[in-house]
2 protein chains.
Amino acid sequence: MPTKSAAPKPKNDGSYWREFDRNKPSHSMAHYLMAIDHLRSELGYARSTDVAEMLEISRGAASMALSQLKKRGWVGEDPHRFLLLTEEGKRIATLVEENFSILARFFEQVLGVDRDMAMADACKMEHLMSMDTGRRLMALMRCLLSDTALAEKVREQMRNHQGASL
Amino acid sequence: MPTKSAAPKPKNDGSYWREFDRNKPSHSMAHYLMAIDHLRSELGYARSTDVAEMLEISRGAASMALSQLKKRGWVGEDPHRFLLLTEEGKRIATLVEENFSILARFFEQVLGVDRDMAMADACKMEHLMSMDTGRRLMALMRCLLSDTALAEKVREQMRNHQGASL
DNA sequence: GGCTTCCGTTAATGCGGCTGAACAACACTT
DNA sequence: AAGTGTTGTTCAGCCGCATTAACGGAAGCC
């Protein structure tokens with residue numbers, strides 16, 4: 001039976017696996033911010049209840065989460081006491097929205113993933129992809145979706161590859 | 001001031017944003033399974049303490065998490081009471097490991113992301129990418145990393161794109 | 001044998017994120 | 001003015017995932 005003294009220590013394999021938890025913003029936080037963004041551009045205002053309804057959570061949960069977001073300086077209130085994104089909040093919301101858009105389009109249009117799955121996968125990963133990675137993925141897509149012979153060749157090769165591997 | 005009767009309902013925007021929480025396995029669960037997998041192939045066995053040490057968490061946390069994994073039928077014990085992955089557990093661990101490998105290589109070798117960031121991003125997303133998306137991404141990489149003139153052209157175009165967008 | 005070390009589990013606690021229920025404040029209707 | 005409905009907040013509770021502390025058992029050493 002192995003004891004501490006006998007066993008070779010495999011220590012420190014990756015150890016950034018915990019960065020997942022420390023990720024700012026969290027998945028739910030990101031969606032609160034995006035909800036406010038959407039509501040303000042669609043309705044012209046955003047209240048706690050509207051956010052709760054859009055995200056399909058209870059008003060209590062929205063109230064508590066939003067007070068956290070205010071503490072962090074990502075959300076404020078306008079003179080009419082409607083919810084408002086701060087500069088920082090807007091920056092985060094925009095980044096996550098762009099990440100979602102890039103990922104969803106990449107999965108669907110480049111990889112040929114079913115639309116629903118593409119959206120679901122993108123939604124799960126949107127807040128986790130770093131800005132740099134997102135930018136570079138954008139560049140690859142501009143390349144692969146362009147109307148050039150090169151891009152068309154890649155897309156054709158992809159279709160063959162997929163036919164073979166599925 | 002808007003009330004419920006006056007406000008147009010924006011309801012049901014996406015609503016699969018919650019799939020994130022329901023994701024099986026969770027990020028930490030996936031890493032428990034992979035730790036057992038690595039330990040068994042490196043040391044020949046895996047105990048609760050080894051897992052805790054590898055993941056740099058307390059023994060208590062490992063103990064409780066592993067009992068959950070046993071309840072779910074993903075982890076068992078061999079005759080010597082060492083930890084063992086069940087068929088299902090092995091399947092999940094392998095899938096997540098493959099997803100990590102694919103994502104990390106895609107970010108680093110195709111997108112040209114810095115190695116550390118590529119690993120960190122991949123580690124955060126590994127358990128969230130569906131198998132289908134992973135397979136297709138694999139196919140794209142086989143295409144883009146192949147030793148053909150076509151692949152070389154894409155890589156060159158990527159380098160130009162990145163130079164312009166950074 | 002007895003002592004120490006290591007192993008695994010349990011208990012109390014904390015944080016994030018949700019629910020449901022209760023409640024005060026306010027608005028709208030009549 | 002009285003009654004109804006909406007809003008926002010707070011509270012108790014649950015779950016996931018971690019912590020530290022304490023404890024019982026087994027392995028190894030003298």
Side-chain angles (χ1 to χ4, degrees), chain A residues 1-9 15 17-33 35-36 39 43 45-72 74-75 77-78 80-83 124 127, chain B residues 1-9 15 17-33 35-36 39 43 45-72 74-78 80-84 124 127:
Chain A
M1 288 71 181
T3 63
K4 179 130 187 181
S5 50
K9 288 191 188 181
S15 99
W17 76 278
R18 290 253 215 133
E19 295 304 312
F20 186 79
D21 305 288
R22 310 193 211 298
N23 202 63
K24 303 295 178 188
S26 69
H27 181 72
S28 63
M29 289 298 172
H31 278 270
Y32 283 111
L33 298 179
I36 294 173
L39 285 166
L43 304 184
Y45 62 87
R47 297 166 308 167
S48 179
T49 297
D50 302 320
V51 172
E53 197 169 327
M54 172 168 275
L55 297 183
E56 296 183 297
I57 58 175
S58 68
R59 280 180 300 144
S63 177
M64 286 187 299
L66 287 169
S67 73
Q68 286 300 106
L69 291 174
K70 286 172 190 166
K71 271 189 205 158
R72 296 194 194 189
W74 295 343
V75 169
E77 289 181 356
D78 68 10
H80 300 294
R81 297 189 45 82
F82 290 144
L83 295 169
K124 287 188 266 186
H127 69 296
Chain B
M1 288 73 180
T3 64
K4 180 130 187 179
S5 50
K9 288 191 189 180
S15 98
W17 76 276
R18 290 252 214 131
E19 296 303 313
F20 185 79
D21 306 287
R22 311 194 211 297
N23 201 63
K24 305 294 179 189
S26 70
H27 181 73
S28 63
M29 290 297 171
H31 278 270
Y32 283 110
L33 297 179
I36 294 173
L39 286 166
L43 304 182
Y45 63 87
R47 297 166 307 167
S48 179
T49 296
D50 302 320
V51 172
E53 197 169 328
M54 172 168 275
L55 297 182
E56 296 182 300
I57 58 175
S58 67
R59 295 200 318 267
S63 177
M64 285 188 301
L66 288 168
S67 73
Q68 285 301 316
L69 291 175
K70 287 172 190 166
K71 270 188 203 160
R72 295 196 196 190
W74 294 344
V75 169
E77 290 181 357
D78 67 11
H80 300 293
R81 296 189 45 83
F82 289 145
L83 295 170
L84 201 59
K124 286 188 268 185
H127 68 298

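Proteins come first, then strands; the chains are lettered A, B, ... in the order of their sequence lines, and each starts at number 1. A quick note: this is a predicted structure, and the numbers were derived from the prediction, not measured.
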Figure out the CZ/P separation between Phe20(B) and dC17(D), and round it to whole Å.
11 Å

Asp21(A) meets the side-chain hydrogen bond (donor to acceptor under 3.5 Å, both in side chains) criterion, sequence neighbours left out, with none

His127(B) and Ser26(B): which non-hydrogen atoms are nearest, and at how many Å?
CD2-C, 3.7 Å

Among residues at least two apart in sequence or on other chains, which ones pass side-chain hydrogen bond (donor to acceptor under 3.5 Å, both in side chains) with Glu19(B)?
none

Just verifying a value: how many Å separate Lys124(A) NZ and Asn23(B) CG, rounded to the nearest 0.5 Å?
4.5 Å

Those residues that, when tested against Arg18(A), pass side-chain hydrogen bond (donor to acceptor under 3.5 Å, both in side chains) (two or more places apart)
none

Can you name the nearest heavy-atom pair linking Ala52(A) to Ser58(A), along with the distance?
CB-O, 3.8 Å

So, for Val51(B) and Ala35(B), which heavy atoms are closest and what is the spacing to 0.1 Å?
CG1-CB, 4.2 Å

Starting at the 5' end of nucleotides 8-22 of chain C, put B wherever the base has a protein heavy atom under 4.0 Å, S where only the sugar-phosphate does, and a dash everywhere else.
BBB------SBB---

Using 30° and 60° as the class limits, which term best fits the ring planes of Trp17(B) and Tyr32(A): parallel, tilted or perpendicular?
perpendicular

For Arg59(B) and Thr49(B), the nearest pair of non-hydrogen atoms, with its separation, is CD-OG1, 3.5 Å

Involving DNA chain C, stems made of at least three consecutive Watson-Crick or G-U pairs, both distances under 3.5 Å
C:1-6 with D:25-30, C:8-30 with D:1-23

In this structure, how many angstroms lie between the P atom of dT9(D) and the NZ atom of Lys71(A), rounded?
12 Å

Shortest non-hydrogen contact from Ala46(A) toward Leu39(A)
CB-CB, 3.8 Å

Between the protein and nucleotides 24-26 of chain D, list every N/O to N/O distance that falls short of 3.5 Å.
none

